[in-house]
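Naming convention: chains lettered A, B, ... in sequence-line order (proteins, then strands); numbering from 1 in each chain.
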Amino acid sequence: MGVELFSDIASKYNYLGVVILMMIGLYAMIAKNNLVKKIIGMNIFQTAIILFYVSTAAKRGATIPIIRHGHNGHGHEVIHAAEYINPLPHVLMLTAIVVSVATLGVALALAVKVYHQYGTLEEDEIRGQLRNK
Amino acid sequence: MNILVGFLLVIGLFFFTGGAVGILRMPDFYTRLHPAGKLDTMGQLMAMGAMALYVVGLDLSLASVLTGLKILLISVLVFITSPTATHAIVDAGVRAGMEPWTKSETEDFRDLGA
Amino acid sequence: MENLSPHFPALIIIVPLIAALLTSAAGWLNRRLCFHFAALGLFTSLLVSTGLLASVLDKDVILYRLGGWPAPWGILYRIDRLNGLVLVVIFFIAFLNLIANKRTVEESFPEQLGGFYALYVLFVTGLSGMVATGDAFNLYVLLEISSLTGYALIGIGHERAPLAGLNYLFMGTIGASLYLLGIGFLYLMTGSLNMTDIASLLPGFYGSPVMVLAFLLCMTGLFIKMALFPLHAWLPNAYSFSPSASIGVIAPLTTKVMIYVMIRMTFDVFTPDFSFKMMHLGEVMVWLAVAAIIMGSLFALAQTRLKRMLTYVIIAEVGYMVGGFWLGNRMAVTGAVLHILNDAVMTLCIFLAAGAVVYQICGDDFEDLKGLFRKMPISMAAFTVAALSLIGVPPTCGFFSKWYLISGGIAAGHYGFVVALLFSSLVNAVLFFRIIEIGYFEPFSEGEGGHGVHHGPPAMEIREAPAGMLACLLLAAVSLIVLGIYTGDIVTRIIDLAIPPAI
Amino acid sequence: MRIIGLLIVIAFGSLLRYGVFFFPEWGDPASPPSLHVSPHYIEEAIAETAVPNLVTAVLADYRGYDTMFETTVIFAAGLACFMLLRVLQRQVPECRLYRHIPTGITLRIEKGGKLPTESGSFERIDSNWVPHDLIIKSTSRFITPFLQIFALYVIAHGHHSPGGGFQGGVILGAAVIMYAISYDLRRSIQRIGEQATAVLGSAGVLIYAGTGALCMVLGAAFLDYGALAGLLGVDPVMARSHGMLIVEIGVGIAVSAVMVWIYYNLSSAGRHDEGL
């Protein structure tokens with residue numbers, strides 16, 4: 001069992017990193033009091049997912065997915081799928097990165113608005129102000 | 001060659017780690033910028049140098065030397081921009097009215113804590 | 001028209017997208033055009049989606065290859081009877097609400113008309129794209145479009161709206177990220193993103209715990225987005241502080257589209273075999289739904305403001321559909337699908353009526369509603385129709401879907417669900433008769449400033465809502481009854497054929 | 001809240017950890033993602049689209065529809081920031097601050113006072129101490145042209161090397177943002193106005209969607225660039241490559257404009273008066 005666990009960790013440590021990052025992000029989103037810290041937690045969470053996808057693309061012994069010597073339209077040599085890593089997750093994650101940037105922008109805009117309204121970004125203080133009203 | 005590359009990478013990582021630890025451990029805004037600005041610049045110089053050496057070491061041709069030079073160009077860019085960015089951040093901090101940290105303050109704090 | 005008809009599945013998304021872009025540009029160049037672009041875009045899509053529904057009734061399934069690439073490599077649009085129907089409902093509601101709220105929007109955002117209408121149309125684009133798409137990742141992108149615009153549409157409200165919007169954003173992002181992670185697990189195991197392709201590969205992985213996790217992650221993500229009971233906390237604040245114009249489209253559509261997506265995921269991606277027979281989730285889900293129905297109804301009872309009360313009614317309604325769906329027999333699933341349709345129109349009607357009332361009296365406290373029947377008879381009549389439908393009184397459509405749900409519950413032998421449904425109908429009756437009683441029997445509160453906080457117009461000036469709003473409201477109320485009358489046709493011609501025979 | 005959060009997080013984490021046991025090994029060339037869909041992209045993309053950068057080929061062609069909505073997401077974020085933050089009611093401030101540039105003296109002019117014209121000798125400033133920062137200004141003056149050229153290179157060369165519309169657009173937007181940081185926001189808005197950023201943002205997405213719609217008008221599916229072959233005067237495979245370039249340019253325009261727009265609104269909380 002111990003050996004199995006060790007070989008599991010050795011061959012999949014990237015996924016473990018993803019899980020740890022996700023836990024950090026989620027914890028920050030749930031437990032932190034400051035709204036900007038929550039936003040940072042959200043970003044960590046999204047980044048962890050991006051890392052997960054990108055690591056599914058990896059292939060041992062393969063290189064970046066740009067075909068060499070392919071400038072004139074049709075490659076001279078036969079292209080083997082094993083030589084290049086999988087481009088699809090990279091494409092997907094380009095989309096996800098853009099989405100997370102957009103979400104970050106909107107979140108910051110809302111946080112600015114909240115700050116102007118209540119004069120603070122601490123959640124408990126805002127809640128206190130709301131209760132006093 | 002590979003040993004040199006590895007050595008440079010390790011040194012670079014050491015600087016990066018130092019930077020990260022410094023950001024966490026330093027007492028206030030301005031002192032935190034110190035490791036953030038300096039150690040990262042140094043760390044990336046080491047890492048970029050390692051990469052340039054690696055590319056040149058793969059096969060010594062004009063193309064790979066050019067690639068190595070391009071990589072070093074990144075270092076030059078960072079050397080120009082990183083201090084400026086740190087300067088701008090410090091500037092913003094001063095304008096926002098942040099007081100620099102002085103040692104006596106924490107001693108008082110420690111007294112209170114004890 | 002003839003040569004465009006094969007492109008209908010793409011057009012329903014492209015037309016509103018282009019309309020939104022033009023609207024936004026028009027906001028800077030010629031502000032009067034904004035509304036026309038938005039209305040034209042949504043109306044064209046309504047026509048196209050109706051045409052699509054008509055053709056899908058003959059052809060069963062329409063596939064459209066975007067970019068001309070075949071299925072697992074490119075993105076495929078897949079229109080069947082079920083989402084054809086949902087698409088028509090989406091555009092119908094969005095168009096009606098747009099027309100109805102023309103004046104409120106012009107008064108609240110005089111300088112930012114282009115921005116508001118563009119966000120509105122983009123929101124609808126995202127929702128319709130989610131419904132039409134046949135690609136699991138494309139669904140995520142469109143989900144994010146509709147969520148981002150939704151956060152903005154909610155955040156521009158007054159009082160606590162920005163805070164509520166930010167909380168909605170946190171929850172919504174967790175939900176969307178969990179969905180994305182679930183899709184990532186599916187991709188890792190099958191290597192595909194196309195829904196049909198995943199479904200065909202799935203039997204090889206039936207035993208794998210990764211699949212179970214993927215299923216749980218996707219579903220949890222969607223449950224957050226649809227505000228199922230323990231995960232509902234973001235909804236009431238977000239909905240009750242946002243402007244009427246945005247809530248009129250967000251409240252009817254967001255949760256229902258999410259429920260449709262849940263149905264789509266379980267049927268088309270995870271296959272009914274896997275989701276119902278292997279997961280053993282049905283029982284848990286139905287009990288969660290029961291909790292949602294009961295808690296939603298109880299919270300609704302405790303409210304003293306109209307819009308806030310309605311938000312809790314929405315939470316209870318989500319329970320109806322989720323519970324009905326996870327009962328997993330044909331009758332109950334039919335009821336759940338039918339209820340998506342009916343509840344969308346009911347919610348539209350009741351929020352339009354509430355919007356009209358709020359617009360006229362500038363407040364939605366129960367105190368403010370006194371004597372409203374005399375001042376705004378037509379709006380309140382429409383309100384009553386919607387209320388009857390929510391309670392489930394026969395000529396209106398709410399009755400029929402509830403009847404299917406209850407008979408489904410009895411057929412499954414799940415009496416907890418049946419009791420919850422009956423209880424919730426009873427609570428709805430209490431809720432709405434209380435409002436109708438306040439509006440009809442209590443005299444209008446004449447004392448100006450008798451309710452000092454609201455600086456509404458003086459009592460005598462309150463009159464019927466503007467004509468455009470009223471027309472849309474009446475249309476929504478009439479369509480509730482029409483839907484009720486044609487329930488049989490909808491069920492036999494569309495829904496029955498749309499549910500896979502495995503159930 | 002902390003303890004509940006910790007419990008949820010630990011439960012979530014251990015669930016995922018359990019799932020990881022059943023994952024294929026990292027980097028395994030025989031794992032399903034490497035075998036099912038992607039070999040087609042790797043082996044056929046260059047024959048089908050004439051683009052050696054597979055990421056660009058998949059991004060802009062095979063899954064070009066996703067990318068169109070990706071651009072739309074950015075545009076929606078710009079719109080959202082604008083709607084949420086922009087304050088359009090102009091209030092005349094209590095007092096205005098001017099700097100006499102040759103001497104560096106700050107003038108404070110109360111309401112009703114005569115305002116100097118903005119010229120070589122007077123400039124309007126927002127807070128009473130806006131530094132005349134030589135370091136930042138000269139650095140940004142030095143860097144900006146390189147940034148802009150590099151951005152154009154990244155957009156145009158996305159077919160053959162890492163890059164593309166998003167990356168290039170962001171760099172281009174960053175050049176403008178750097179200008180706004182090193183001088184001030186108002187001067188940047190004078191050069192590239194809010195209206196320009198908003199209209200360019202929608203125009204960029206419109207270029208993308210319009211290219212797709214053009215393909216549809218020409219009889220092929222939406223975004224099937226092969227249909228543009230007749231218009232561009234090349235064979236259908238090359239037309240795909242050119243079509244991708246067109247949409248990448250649209251993406252670049254949209255992303256750079258919207259980034260600047262978001263920066264304008266966020267940095268000044270929608271008042272568009274104060275830069276950093």
- Taking D:E70 as the fixed residue, which of A:I97, A:V98, A:V99 is the one that meets the side chain to side chain contact (heavy atoms under 4.5 Å, CB included) rule? A:V98
- Quick one: which of D:S38, D:P39, D:P29 gives a side chain to side chain contact (heavy atoms under 4.5 Å, CB included) with A:N86?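 Looking at D:S38, D:P39, D:P29, the match for A:N86 under the side chain to side chain contact (heavy atoms under 4.5 Å, CB included) is D:S38.
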- For each of A:L16, A:I20, A:I24, A:L104, tally heavy-atom pairs with chain D at distances under 4.5 Å, and name the one with the top tally. A:L16
- Note on the structure: Interatomic distance, CG@D:L85 vs CG@A:L108, rounded to 0.5 Å, equals 9.5 Å
- Item | Which atom of A:A102 lies closest to which atom of D:V73, heavy atoms considered | CB-CG1, 3.5 Å
- Query: Are any of the side-chain heavy atoms of A:L88 and D:P33 separated by less than 4.5 Å?
  - Reply: no
- Query: At what distance, to the nearest 0.5 angstrom, does CD1 of A:I67 lie from NE2 of D:H160?
  - Reply: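 Between atom CD1 of A:I67 and atom NE2 of D:H160 there are 12.5 Å.
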- Given that the side chain runs from C-beta out, which part of D:M83 has a heavy atom under 4.5 Å from chain A: side chain, backbone, both or neither?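 D:M83 has no heavy atom closer than 4.5 Å to chain A.
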- Partner chain D: residue of A:M29, A:K32, A:K113 with the largest heavy-atom pair count (under 4.5 Å):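 Top count of heavy-atom pairs under 4.5 Å with chain D: A:K113.
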- Message: Give me the atom names and distance for the closest heavy-atom approach of D:G5 to A:I30.
- Response: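 Nearest heavy atoms, D:G5 then A:I30: CA-CG2, 3.5 Å.
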- Task: Check whether D:I8 gets within reach of chain A through its side chain, its backbone, both or neither, counting any heavy atom under 4.5 Å.
- Result: side chain
- Query: Given a strict heavy-atom distance threshold of 4.5 Å, which part of D:R2 is in contact with chain A: side chain, backbone, both, or neither?
  - Reply: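 Answer is both: backbone and side chain atoms of D:R2 are under 4.5 Å from chain A.
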- Message: Check whether A:K59 reaches the backbone of D:D28 with its side chain - one donor and one acceptor, N or O, closer than 3.5 Å.
- Response: no
- Task: Among D:A57, D:C81, D:S161, D:G164, single out the residue with the greatest number of heavy-atom pairs under 4.5 Å to chain A.
- Result: D:C81
- Query: Contact part of D:P32 toward chain A, heavy-atom cut-off under 4.5 Å: side chain, backbone, both or neither?
  - Reply: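 Neither part, no heavy atoms under 4.5 Å.
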- Could you tell me which portion of A:Y53 (side chain, backbone, both or neither) has an atom closer than 4.5 angstrom to a non-hydrogen atom of chain D?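 Neither part; nothing is under 4.5 Å.
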- Considering only heavy atoms, which portion of D:S34 lies under 4.5 Å from any heavy atom of chain A: side chain, backbone, both, or neither? both
- Item | Over all atoms of both residues, closest heavy-atom pair of A:K12 and D:P24 | CE-O, 4.1 Å
- Task: Side chain from CB out, backbone as N, CA, C, O: work out which of these in D:Q167 comes under 4.5 Å of a heavy atom of chain A, or both, or neither.
- Result: side chain
- Message: Check this for me: A:Y115, atom OH, are more than 12 non-hydrogen atoms of other residues, nucleotides or ligands nearer than 6.0 Å?
- Response: no
- Message: What part of A:V101 gets within 4.5 angstrom of chain D, counting heavy atoms only: side chain, backbone, both, or neither?
- Response: side chain
- Item | Distance in Å, D:L6 CG paired with A:L26 CG, rounded so as to fall on 0.5 Å steps | 11.0 Å
- Note on the structure: Distance col, row A:L94:CG vs D:F166:CZ, nearest 0.5 angstrom, shows 6.0 Å
- Message: A:V91 and side chain to side chain contact (heavy atoms under 4.5 Å, CB included): which single residue from D:D66, D:L54, D:L59 fits?
- Response: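 By the side chain to side chain contact (heavy atoms under 4.5 Å, CB included) criterion, A:V91 pairs with just one of D:D66, D:L54, D:L59: D:L59.
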- Does the side chain of D:L84 reach to within under 4.5 Å of the side chain of A:V106, using non-hydrogen atoms? yes
- Separation between CD1 of A:I66 and OG1 of D:T56, rounded to the nearest 0.5 Å: 7.0 Å
- Can you tell which of D:L16, D:T67, D:N53, D:T71 has the highest number of heavy-atom pairs within less than 4.5 Å of chain A?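 The option with the most such pairs is D:N53.
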- Item | Sidechain-backbone polar pair: A:R60 side chain, D:W26 backbone, donor-acceptor under 3.5 Å |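 Indeed, once roles are kept as given, a pair shorter than 3.5 Å links the two residues.
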- Message: Set out, in order, the CA-CA distance, both residues' side-chain angles and the distance that settles side chain to side chain contact (heavy atoms under 4.5 Å, CB included) for D:R63 and A:L92, then state yes or no.
- Response: CA-CA 9 Å; D:R63 298 187 68 89; A:L92 303 181; 3.7 Å; yes
- Item | Student check: side-chain heavy atoms of D:V9 and A:M22 closer than 4.5 Å | no
- Query: What distance do D:F12 atom CZ and A:M23 atom CE have between them, rounded to the nearest 0.5 Å?
  - Reply: 9.0 Å
- Message: Parallel, tilted or perpendicular: which one describes the rings of A:Y15 and D:F23, with boundaries at 30° and 60°?
- Response: perpendicular
- Query: Looking at D:G13, D:A45, D:A60, which has the largest count of heavy-atom pairs under 4.5 Å with chain A?
  - Reply: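 With the most close heavy-atom pairs to chain A, the winner is D:G13.
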